[in-house]
Protein chains: 2
Amino acid sequence: MRQVAALAGVGVKTVSRVINNEPNVSAATIAKVIAAARTLDYQPDLHAGNLRRADGRTRTLGLLVSSVDNPFAGAVHRAVEDVALERGVSVFASSLDDDPDREQAAVSAFLRRRVDGLILTTVSESQAYLAPELRRGTPVVFVDREPAGITSDAVVSDNYDGAALATRHLLEREHRRVAYLGDKANIRTARERRQGFLDELGRFGVATRDVPVIEGLHDAETARLATIALFDSPTPPTAIFSSQNLVTIGVIHALRELDRHRDTALVGFDDVPLADMLEPGITVVAQNPQQIGRVAAERVFARLDGDASPAARTIIPTRLIERGSGEIPPRQEG
Amino acid sequence: MRQVAALAGVGVKTVSRVINNEPNVSAATIAKVIAAARTLDYQPDLHAGNLRRADGRTRTLGLLVSSVDNPFAGAVHRAVEDVALERGVSVFASSLDDDPDREQAAVSAFLRRRVDGLILTTVSESQAYLAPELRRGTPVVFVDREPAGITSDAVVSDNYDGAALATRHLLEREHRRVAYLGDKANIRTARERRQGFLDELGRFGVATRDVPVIEGLHDAETARLATIALFDSPTPPTAIFSSQNLVTIGVIHALRELDRHRDTALVGFDDVPLADMLEPGITVVAQNPQQIGRVAAERVFARLDGDASPAARTIIPTRLIERGSGEIPPRQEG
DNA sequence: TGCCGCCCTGACAACGATGTCATATCTAGG
DNA sequence: CCTAGATATGACATCGTTGTCAGGGCGGCA
């Protein structure tokens, strides 16, 4: 900026005024400054400005997701980015791999960079460590998972009802040996889905002790192995509810391998790419990651714009998409 | 920091020393400062420090991709992030949607935030606008697409050979009416794939004027419509080469709709999620986005570490994965 | 003509940190 | 006991920018 000022033959403050479109600069001066800035390829230093600027905004957001190459996270990320772009805000993204240490490290990295707000998919037991930052006024919105140990905005899918809906779909088709394949039980979302599943079984009077509930599945491979193990039984399930997209993919692989994909019903929680092109198509309870991301980002900006209403939980509805796999009837008992 | 210094009863410089693990601070002082920092939940302001710090590094990278919810881009992003994490570097990601204006805006946003390096999938005609930044010493690595108008490092798939390989795969199985469905011709990568396709046809002595070459396809939907149109002909193709993952998905949809998926061969460029679970499985020339991302990030850090060797083009090999769709023989002429 | 007020403009301090340098304290060796 | 040299610490300038404020020029009005 000093160089631009020197080249244009004006003071630095005048350059600052031109860059920021402040009033009370003569047209001639504006032209001189712009020309000088152009020849020097001047790019203002946003962070230096922030140091002094009144609002102290870095126009930066931090986003924490399971992994940036998970399709669900990608869709959330994209929606957040689109909302942020309208405001000239850039987005930091970080993958967690469900590692609480990484969560803390990533949040700390964001905070040191003075992000204006955080959108987090958390994996740690408690997010109490964020309390001081919240008190400082940084908006924090949780997506997909709800916070523990602190109170803040959250945008989540309707996990309980979605899981119940998927389960009901299977039970109404007379399935009784329905297996549950789920993520780690320390994830609240996973617990809610499990509860939706179990409660729905209860409503249909199915004894839950006969129902395989397999948890701690974290990626497609462990889910595949768990599914194969399930069928190594005299009474394998006639239907499967898989509680997460990677788990669903693992189940699909296993059913193919066992050639059980045409006589075992499957409903997955969260949509899976190309699910409609499989044979049978995969019936899912689809979340709406675009909406989750968009609502979360709008929430952050609303807070930044001064919304001081109490922390709210926004529930994004899920939707059952019938594609074939969920409509397979139970095998005849032999 | 001032507050920490006041609370600990020391000078700000001493706090700075403790935060940065500089030597020559007594153990007692260190303890006092750490205690004070903890009670105040002090997070150092990385950007303020950067203003004065000798190396001027923000420990930040900018990544530009087609869209963060494209699976290819997600894999690249993840690989970049993993390399960056080891160095304590955070990553900004931005989606372009093949919009040159967005490219410039995103780069400008990154530059104003003083990223240490850029990893770009470009869409504009020329990246000459980056020349001043390159001169300033900012490492710029292009991924997936090569730069035009400037010289800088690039990490790309072997587009020409990969496309030729896919085409040969079809020609060796006696297909002669092979259609090409490709992305916009102003994308260099797309042109290379087309050329690989056409040259391979030439090597097999196939007259290219009889071969449908359809370009400008940008998403699954336009590709689907183009495929359907292709079959509205007395001599529809017996095989299709689709040059990009979204195009491949569109083709898959169309072939299903037309019930032509069992008698039309298909080889796609770039892998597609769950491609192995379809019937038939989709044969693809797979890129290696993880390796592309990793190599690109390592290149950036090598440059930051002082590597001043001439700009290099790293070619990441592709791999043909046979899954069924590419091995379908030509229909008998009727 | 003289004064008020508006429009432009730049000097200067400040933002939160680090680099430089001076100074105070301590330790060891003669 | 004195001093050189190491260790520990803080005052101050500085990074690139913006907020504050003062001042110069000029037009309008009494």
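Within every chain, numbering begins at 1; the chains are lettered A, B, ... in the order of the sequence lines, protein sequences first and strands thereafter. Predicted model only: the values in this text are computed from it and were never measured.
- Taking every side-chain heavy atom of V10(B) into account, dG10(D) is the closest of dG16(C), dG10(C), dG10(D).
- Separating the CZ atom of R57(B) from the P atom of dC15(D) is a distance of 19 Å, rounded to the nearest angstrom.
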Practice item. Walk me through it: do L118(B) and L64(B) pass the test side chain to side chain contact (heavy atoms under 4.5 Å, CB included)? Key: CA-CA 8 Å; L118(B) 290 169; L64(B) 230 57; over 6 Å; no
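- Heavy atoms of A5(A) sit nowhere under 4.0 angstrom from any nucleic acid atom.
- The number of heavy-atom neighbours closer than 6.0 Å to CZ of R2(B), taken from other residues, nucleotides and ligands shown, is 12 or below.
- Of the charged side-chain nitrogens involved, none lies within less than 4.0 Å of a carboxylate oxygen, so that K184(B) and D98(B) do not count as a salt-bridged pair.
- Taking atom CE of M1(A) as the reference point, atom P of dG19(D) lies 11 Å away to the nearest angstrom.
- To the nearest angstrom, P of dG19(C) lies 10 Å from CG of N50(B).
- Scanning both residues, R303(A) and D307(A), for their nearest heavy atoms gives NH1-O, 3.0 Å.
- Between T14(B) and dT9(D) there is no side-chain polar atom (N or O) within less than 4.0 angstrom of OP1 or OP2.
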Counting only pairs under 3.5 Å, give me each side-chain donor-acceptor contact of residues 4-25 of chain B, with atom names and distances, residues two or more places apart or in other chains.
residue: N20(B); atom: ND2; partner: S16(B); partner atom: O; Å: 2.7

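- The existence of a salt bridge linking D82(A) and R102(B) is confirmed by a sub-4.0 Å separation between a basic side-chain nitrogen and an acidic carboxylate oxygen.
- The distance from atom NE2 of H47(B) to atom P of dA17(C) is 12 Å, rounded to the nearest whole Å.
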Review point. Could you go step by step and tell me if L46(A) and R114(B) meet the side chain to side chain contact (heavy atoms under 4.5 Å, CB included) rule?
Key: CA-CA 8 Å; L46(A) 206 55; R114(B) 296 294 187 266; over 6 Å; no
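- When rounded to the nearest whole Å, the span between CZ of R2(A) and P of dG16(D) equals 7 Å.
- Here dA14(C) presents its P atom at 20 Å from CG of D55(A), a figure rounded to the nearest Å.
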Can you give me the N/O atom pairs linking the protein to nucleotides 11-14 of chain D at distances under 3.5 Å, or say none if there are none?
residue: dT14(D); atom: O2; partner: R52(B); partner atom: NE; Å: 3.2

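- Under the 3.5 Å distance criterion, the side-chain polar atoms of E133(B) are left unmatched by any main-chain donor or acceptor of T138(B).
- Residue Q3(B) contributes atom CD, which lies 13 Å from atom C1' of dC15(C) at whole-angstrom precision.
- For DNA chain C, the neighbouring residues in residues 20-36 of chain A, judged by any heavy atom under 4.0 Å, are N24(A), V25(A), S26(A), T29(A).
- As a whole-Å value, the separation of I19(A) CD1 from dG19(D) P is 14 Å.
- For dA17(C), neither phosphate oxygen OP1 nor OP2 lies less than 4.0 angstrom from any side-chain nitrogen or oxygen of S16(B).
- Between the side chains of R113(A) and T58(A), not a single donor N or O lies within less than 3.5 Å of an accepting N or O.
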